[in-house]
There are 2 protein chains.
Amino acid sequence: MVTLADVARHAGVSASTVSYVLSGKRSISAPTRERIQHSIDTLGYRPHAGARALASSRTGILALMMPLRTGLHVPVTTEIAMAVTTTARSHGYDVLLLTGEEGPEAVRRVEGSAIADAMIVMDVGRDDPRLPCLREAERPAVLIGLPTVSAEAADTAGLDCVDLDFEAAGARCVEHLAGLGHTRVAVLGEPSAVLGEPSAVLGEPSAVHERGTGFAARTLAGLRAAAGTHGVGLLHRPVDGTYAAVAAAVTRVFEERPGTTALVVQNEAAVEPLLALLRHQGRAVPEDVSVVAVCPDQVAVHASVPLTAVSVPAQEMGRLAVERLVRRLAGETPRGTELIPPLLTARASSGPAPSGSVPTEERRGRGGR
Amino acid sequence: MVTLADVARHAGVSASTVSYVLSGKRSISAPTRERIQHSIDTLGYRPHAGARALASSRTGILALMMPLRTGLHVPVTTEIAMAVTTTARSHGYDVLLLTGEEGPEAVRRVEGSAIADAMIVMDVGRDDPRLPCLREAERPAVLIGLPTVSAEAADTAGLDCVDLDFEAAGARCVEHLAGLGHTRVAVLGEPSAVLGEPSAVLGEPSAVHERGTGFAARTLAGLRAAAGTHGVGLLHRPVDGTYAAVAAAVTRVFEERPGTTALVVQNEAAVEPLLALLRHQGRAVPEDVSVVAVCPDQVAVHASVPLTAVSVPAQEMGRLAVERLVRRLAGETPRGTELIPPLLTARASSGPAPSGSVPTEERRGRGGR
DNA sequence: TTGAAAGCGCTAACAG
DNA sequence: CTGTTAGCGCTTTCAA
């Protein structure tokens, strides 16, 4: 193995000089620098990561904690991970992959054994057991996602978060549909999106405490708020990604409220089943029913009907998280929560509400604001 | 930070003794061991990864090189990565995530800077520029996938590979269908699956050299071989995952050979579009058309029609790769290629060939062996 | 069964 | 602008 000492000897300089050309932390005369660089190239020298970590207490590694059971969000999660990795590399960092299942212990391990310089944590839930560790940690950490339902909540204190503004995203969907004249919208949400607050809309199932990451709940909150503002009636049905579940939910929606003219989906896995079902039921998209999704662009574009959608900017989230971390490792302190504004792209799946199909009596039944 | 020396002092022993209780490389009397363990717990000691790496030249890290643009195989890739990570953890290893895009340089970096003890490389292509580096490398490496079309090829020499036996998988699909009486089968394959050999079947497009990882080509080879044996006519159409592509391919298949009674799909993304299309065309599955897939179990189970499929054992592949690596790091040398035998599970999508629909004249047109 | 001590390869004062 | 030197925290011979 070629060591720094070998290079120094070969170039006829001291070890520290070699070290300094590598780090650039002190000015070296052009001739010596070139000579050293030449020796490095000739000998094929590579600094030993462990030695460097020991001496400098910098590993050049960012830990990325990824959910193991991503359920239905594999693509987003993976895309974020990839963006994190490439961005990290572009800043000279490597990425250590950890699974969320290791829990707080993983955080302590990274911290205690100095395995990484900083960490990115995905899929943080409310009352996540890792949060306390993260707050106490010396090393910087960035969460992708919010550990709370709203950005305002106190849980955010002392943490650094990056996420899509799902609340605004939900609102954007309703705005778009309201602008097209839709007044009765159904939401096919995450199974875990149900909020712990009393229902503010038609047909809301009984209150259940939210357990997931909360992004679905945030979207729902945004949908509801905008629905209130725009006088849109909202129906919420949790579905998982199976065809059967989608079919059941949609059928129920149209039975309970035949005037429904638009659907909002947040569940990627539900997209194709939904479109297939509507096709099968003879409901044309967007002539009879408009569909708006919150999903990655790629999913929206490649769907059997190109979807009007708020894109989940997975790449950007990963990139932002790394850049924050890199800046903090460089001494800056850009803390706080950064919510990415939603961007809705209108595609083929949404159109004007079909005239005449909207029932005149709004907000019958329970609920309503 | 708590160091080994701190623990030694606290326990009233020497540093080496503490080190030895940690590594278990020498027998320590019960009392001292307990005393030391107590000090470790009390002080919350964690060995410094860098120091350990420097002193022992063991990092406790496995590098995992993942394709960045996985195209349509995100779920499989991700599942493998997760299996690798959890299996690695269960053996005391952490996983460093690298992207395939870094190419051979990443291999050299890992090797040269002693960043990891070993590496797992996914998505290796034929003539992959990383192969030479991997062969020369001191550290053990395992490929997930074969860098060649058939397992026999010389390319495998000096490499350690783990993969599904796609050739047998393809054969298994044809066997299954032949057993059900199907004699005309169409394959919706990967866009890159086209082999560089002259077509042995009906309607094969002009020869093109295979560029991808080759697993699609291997499946196709197996399909063809078995088709020959069982007197099944095979039609191959590459499709990507878009609805449009699937629709075009399927329409063409039935136009060109109306007697087709079964379809084999290897492209996960094409599964739902395909089922939706068949439904739309009024072809019942499996009454009119049988569908057999090569895909992860999860996809097969959750499809709108539960699919008869050869499962891609992503978990097992990841696990096997790690276990090989761990054994090799422990001094054993279980080299060579390990192909996992395919397992076909019959579900709702395949059934007996519809009687009377099979045209009598086989293999008209060009091709044929 | 335990200790003492010599590094592992690099960084970063401190000194010129 | 460059060299000297003292560690970083751990492992592992060599001795006892």
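In what follows, chains are A, B, ... by sequence order, proteins preceding strands, each numbered from 1.
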Just compare D:dT12, C:dA13, D:dG7 and give me whichever is closest to any side-chain atom of A:A55.
D:dG7
Write down the distance between CG (A:L4) and P (D:dG3), rounded to a whole number of angstrom.
12 Å
Can you find a side chain N or O atom of B:S56 that sits less than 4.0 Å from OP1 or OP2 on D:dC10?
no
Side chain of B:I28 - closest among D:dC1, C:dG3, C:dT2:
C:dT2
B:S14-B:T17 side chain donor-acceptor pair, cut-off 3.5 Å
yes
Just the rounded figure in Å: distance from P of D:dG3 to CD1 of A:I36.
8 Å
Just to confirm, is there a sub-4.0 Å distance from OP1 or OP2 of D:dC8 to any side-chain nitrogen or oxygen of A:S57?
no
Strictly below 4.0 Å, N to O, side chains only: are B:R46 and A:E111 in salt-bridge contact?
no
Taking atom types as modelled, find out whether B:T32 and B:S29 have a side-chain donor-acceptor pair closer than 3.5 angstrom.
yes
DNA chain C: A:L22 or B:S27, which has the more 5' nearest nucleotide?
B:S27
Would you mind classifying the nucleic acid contact of B:S19 as base, sugar-phosphate or nothing, using non-hydrogen atoms under 4.0 angstrom?
base
A:R26 atom CZ is separated from C:dT11 atom P, nearest whole Å, by 13 Å
Under 4.0 Å between a side-chain nitrogen and a carboxylate oxygen: does that hold for B:R139 and B:D117?
no
Please tell me which of the listed nucleotides, C:dA12, C:dT2, D:dT4, lies nearest to the side chain of A:S14?
D:dT4
Return the nearest nucleotide to the side chain of B:Y20; candidates are C:dG3, D:dT12, C:dT1.
D:dT12
Hey, which sits more toward the 5' end of DNA chain D by its nearest nucleotide, B:K25 or B:G50?
B:G50
If you look at every strand shown and take non-hydrogen atoms under 4.0 Å, does B:T32 touch a base, only sugar-phosphate, or nothing?
sugar-phosphate
Using a heavy-atom cut-off of 4.0 Å across all strands, would you classify B:S16 as base, sugar-phosphate, or nothing?
base
Nearest-angstrom distance from the residue atom OH of B:Y45 to P of D:dC10:
3 Å
How long is the line joining CD1 of B:I115 and P of C:dG9, in whole Å?
16 Å
Among B:T337, B:L146, B:L143, exactly one meets side chain to side chain contact (heavy atoms under 4.5 Å, CB included) together with B:L159. Which residue is that?
B:L143
Atom CZ of B:R9 to atom P of D:dG9: distance rounded to whole Å?
11 Å
When rounded to whole Å, the CG to C1' distance for the pair B:D6 and D:dG9 reads 10 Å
Whole angstroms only, please: what is the NE2-P distance between A:H48 and D:dT11?
13 Å
Does B:T17 place a side-chain N or O at less than 4.0 Å from the phosphate oxygens OP1/OP2 of C:dG3?
yes
For B:E332, I'd like to know if atom CD has over 12 heavy atoms of other residues, nucleotides or ligands within 6.0 Å.
yes
Proximity to the side chain of B:L54 - top-ranked nucleotide from C:dC8, D:dC1, C:dA12
C:dC8
